[in-house]
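Below you'll find the structure, written out as structure tokens, and then a few comments.
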Amino acid sequence: MRATVKEHALTLDELLDWLLADGMVTAEQAELLRTLARAGGFQGKHPLTVVAQRNWRHAQQPQQLLDVEALGRWLAARFGLEYFQIDPLQVDVARVTEVMPFAYADRYKVLPVRVSDQEIVVATAEPFLREWERELAHVQRKSFRRVIADPEDISRYLVEFYAMAKSVFGAERQQGDRQRGGMQSLEQLMELGRAGKLDANDQHVVSVVDWLLQYAFEQRASDIHIEPRREMGKVRFRIDGVLHTVYQLPSTVMMPVTSRLKILGRMDIAEKRRPQDGRIKTRTPEGQEVEMRLSTMPTAFGEKLVMRIFDPDVLLRDFRDLGFESAEEQLWQEMTSQPHGIVLVTGPTGSGKTTTLYSTLKRLATPEVNVCTIEDPIELMEPSFNQMQVHAAIDLGFAEGVRTLLRQDPDIIMIGEIRDRETAEMAIQAALTGHLVLSTLHTNDAPSSLTRLRDLGVPGYLLHSSLLGITAQRLLRTLCPSCKRPAEISDTEWQALTRGWKVPKPEQVYAPGGCLECRNTGYRGRLGIYEMMRMTTALKEMIAAEAAMGELRLAAYKAGLKPLRLQGARKVAQGLTTVEEVLRVTPPPESSR
């Protein structure tokens, strides 16, 4: 019967009739909406959007909200189609925008979302409109598969995808025209670089850069990687600790995009042979100020550029938001509220050490104290700190920086990292002369930090006198609350987390599902787990006596230290993460026992 229906856009009356027939809305609700529609209140809005915005619940199943996804799935099932959630990270923008022109896609309100050798998947919210399919079948020589999607998503990504593709194409064409116009001399190239006109200010390039930055903010990316290759460069975002490829740029576009970012970061765009660092301040689509740190690295096919995006709310977060439990927060505050001594935070790169330190310093930085830092580089500008940057070229390292800070009447000193004996000795000297010192080390867990300091040549008696405590940490991806599902855990899996400790296995845990909110990964956001080792009298005496690592670790466990895997097991039992995620980020038992 549907095959004989004249092609037309879906109407609100049709949608309400079907909803009534399927018992999803009441007659009163339908009549109210028809009355509002006759008054002209929904001009230009798709019927699915109109109904979804009423926030109605299913008339026969009140627990189900009739949001746009529920309505879209119902409509798709009615027409024997699949419902498709458009995830921009999974769409090959360059390929899908070649299927049809923007004006054509906009006319029929359709959006290609997937292209393979056999078929083209096209998202639509208009089940009766199929003229475009018949017309394009003669051009594409591939089969088309229609899927139903959120009409708002179709309209939004239709503009974004085609604008991005247009900017890339325009930038590539202009770059090609310039190259065909002849090579410039080295002097001319240098002059263009100094003036900031090395193809980096073309409007197309500016549009590509603006799109990348805004897209990264929207996707909650912590890092943007721009990686040159022989013909096509990659753009990847790190989201919740995992890299995702989001776009491929032609090499002719990659270079001016990199140059544009270097200009914004006040870097030398003519210098491509040595690494450089820079900073950018910009705003998110919501108007929030964001700071980014840039780093370039010369590679075989050009400069690789990484931008670290700093969360503007990081200094406003409560310790509970970072993952501290009540007892851990109390212990951490006890360690960091001492008038003098050293507190260390350990873990690999990307484990959240800087966030923990900055949040702690923000709390400690009252008007009555002088907080000074020496960093490489300065991660985040904070007006309540006095921050100094390491400069190896002028022999200003951590040790020299601490020596300078000690003459600045500090109360609290933060040292970016203890890397060598000289820095360690200066940190201890600062602690012994009445200052609270916070710093980081790269070690697997808290007890092994003692071995690391010994390897640097720090005598045990100095650690005995100055060390207040050590915290090791990791970041775990948390399960998406929208799609996580109940699961079971085997004795073997639980033992992998709790080996050596008697902890009852939880009756129920959760597993990742997959939805648009979490980009079908099953995880959304991260939280920290912490292994806190406070220096007790017994531990200090063992350190002074230079006891073996095994004895120190055992004594730390007896003093209350809980290893990272055990802390991760607690998060699994609370339904916040999975066994696989804990095993992925925590050290194996042999290095934590």
Side-chain angles (χ1 to χ4, degrees), residues 240-242 318-332 335 345-348 350-353 355-356 443-449 469-481 483-514 518 521-534 549-550 552-593:
D240 293 336
V242 178
D318 186 81
F319 285 109
R320 296 295 181 89
D321 296 333
L322 299 179
F324 281 79
E325 296 190 357
S326 179
E328 294 170 343
E329 182 181 1
Q330 182 179 349
L331 180 55
W332 178 249
M335 288 193 293
V345 181
T346 76
S351 60
K353 302 187 297 297
T355 299
T356 300
T443 60
N444 278 335
D445 58 8
S448 60
S449 300
I470 305 171
T471 295
Q473 67 178 80
R474 296 292 190 278
L475 290 177
L476 293 173
R477 289 184 297 167
T478 51
L479 286 166
C480 175
C483 64
K484 69 178 184 180
R485 52 186 175 80
E488 296 180 352
I489 183 170
S490 67
D491 292 339
T492 304
E493 289 176 315
W494 188 246
Q495 278 298 314
L497 296 182
T498 62
R499 189 171 297 130
W501 300 82
K502 293 182 180 179
V503 181
K505 187 180 75 170
E507 293 182 4
Q508 181 176 296
V509 297
Y510 289 85
C518 60
T521 64
Y523 297 93
R524 181 176 172 83
R526 291 189 292 175
L527 58 76
I529 53 172
Y530 304 88
E531 175 182 280
M532 295 194 173
M533 183 169 123
R534 186 170 186 178
M549 189 68 251
L552 282 169
R553 198 183 296 275
L554 186 59
Y557 289 153
K558 288 181 178 178
L561 180 141
K562 301 293 190 295
L564 285 166
R565 277 209 176 162
L566 191 65
Q567 300 290 63
R570 296 181 65 174
K571 303 299 184 187
V572 172
Q574 292 167 10
L576 297 174
T577 190
T578 62
V579 173
E580 294 77 17
E581 180 65 10
V582 176
L583 294 176
R584 184 180 72 87
V585 303
T586 55
E590 56 269 21
S591 61
S592 64
R593 287 180 62 82

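Computed from a predicted structure; not experimentally measured. All heavy atoms count here, side chains included; hydrogens, waters and symmetry mates do not.
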For this session: Measure from the side-chain N and O atoms of Thr478 to the backbone N and O of Gly525, and report whether any donor-acceptor pair falls under 3.5 Å.
Result: yes
Exercise. Minimum heavy-atom separation for Gly352 to Leu475, with atom names?
Worked result: N-CD1, 3.9 Å
Problem set entry | side chain to side chain contact (heavy atoms under 4.5 Å, CB included) evaluation trace for Trp332 with Thr356 | CA-CA 10 Å; Trp332 178 249; Thr356 300; 4.0 Å; yes
For this session: Could you tell me the separation between the CG atom of Leu322 and the CD atom of Glu328, rounded to the nearest 0.5 Å?
Result: 11.5 Å
For this session: Can you measure from CG (Leu566) to CG (Leu497) and round to the nearest 0.5 angstrom?
Result: 8.5 Å
Exercise. When you measure from the side chain of Arg565 to the backbone N and O of Thr498, does any donor-acceptor pair fall under 3.5 Å?
Worked result: no
Problem set entry | More than 12 heavy atoms from other groups under 6.0 Å of CD on Glu507 | no
Problem set entry | Donor-acceptor pair, side chain of Lys353 and main chain of Ala472, under 3.5 angstrom | no
Problem set entry | Rounded distance (nearest 0.5 Å) linking atom CG of Leu576 with atom CD1 of Ile529 | 11.5 Å
Exercise. Is the shortest heavy-atom distance from the side chain of Tyr510 to the side chain of Pro486 under 4.5 Å?
Worked result: yes
For this session: To the nearest 0.5 angstrom, please state how far the CE atom of Met532 sits from the OG1 atom of Thr471.
Result: 4.0 Å
Problem set entry | Arg474 and Thr586 side chains, donor-acceptor separation under 3.5 Å | no
For this session: Would you check if Thr521 and Asp240 make a side-chain contact, meaning some heavy-atom pair closer than 4.5 Å?
Result: no
For this session: State the CD-OG1 distance between Gln473 and Thr355, to the nearest 0.5 angstrom.
Result: 8.0 Å
Problem set entry | Taking every non-hydrogen atom, the tightest pair across Val579 and Val572 | N-CG2, 3.9 Å
Exercise. Can you tell me how far the CD1 atom of Ile470 sits from the CG atom of Asp445, to the nearest 0.5 Å?
Worked result: 9.5 Å
For this session: Test side chain to side chain contact (heavy atoms under 4.5 Å, CB included) on Val582 and Leu476 and set out the steps.
Result: CA-CA 7 Å; Val582 176; Leu476 293 173; 4.1 Å; yes
Exercise. Which residue pairs pass the salt bridge (charged side-chain N to carboxylate O under 4.0 Å, His left out) test with at least one member in residues 487-497, sequence neighbours excluded?
Worked result: Asp491-Lys505
For this session: Identify the two heavy atoms, one from Met549 and one from Pro447, that lie closest to each other, and give their separation to 0.1 Å.
Result: CE-O, 3.1 Å
For this session: Describe, in one word, how the ring planes of Phe324 and Tyr530 are oriented to each other, choosing from parallel (under 30°), tilted (30 to 60°) and perpendicular (over 60°).
Result: parallel
For this session: Would you name the heavy atoms of Glu531 and Leu564 that are closest together and state the gap between them?
Result: OE1-N, 3.0 Å
Exercise. What pair of heavy atoms forms the shortest contact from Cys518 to Arg524, and how long is it?
Worked result: CB-CB, 4.3 Å
Seminar exercise, completed: When every non-hydrogen atom of Arg320 is compared with those of Glu325, the smallest separation belongs to NE-C, 4.2 Å
For this session: Check the pair Glu581 / Lys571 against salt bridge (charged side-chain N to carboxylate O under 4.0 Å, His left out), numbers first and verdict last.
Result: CA-CA 11 Å; Glu581 180 65 10; Lys571 303 299 184 187; over 6 Å; no
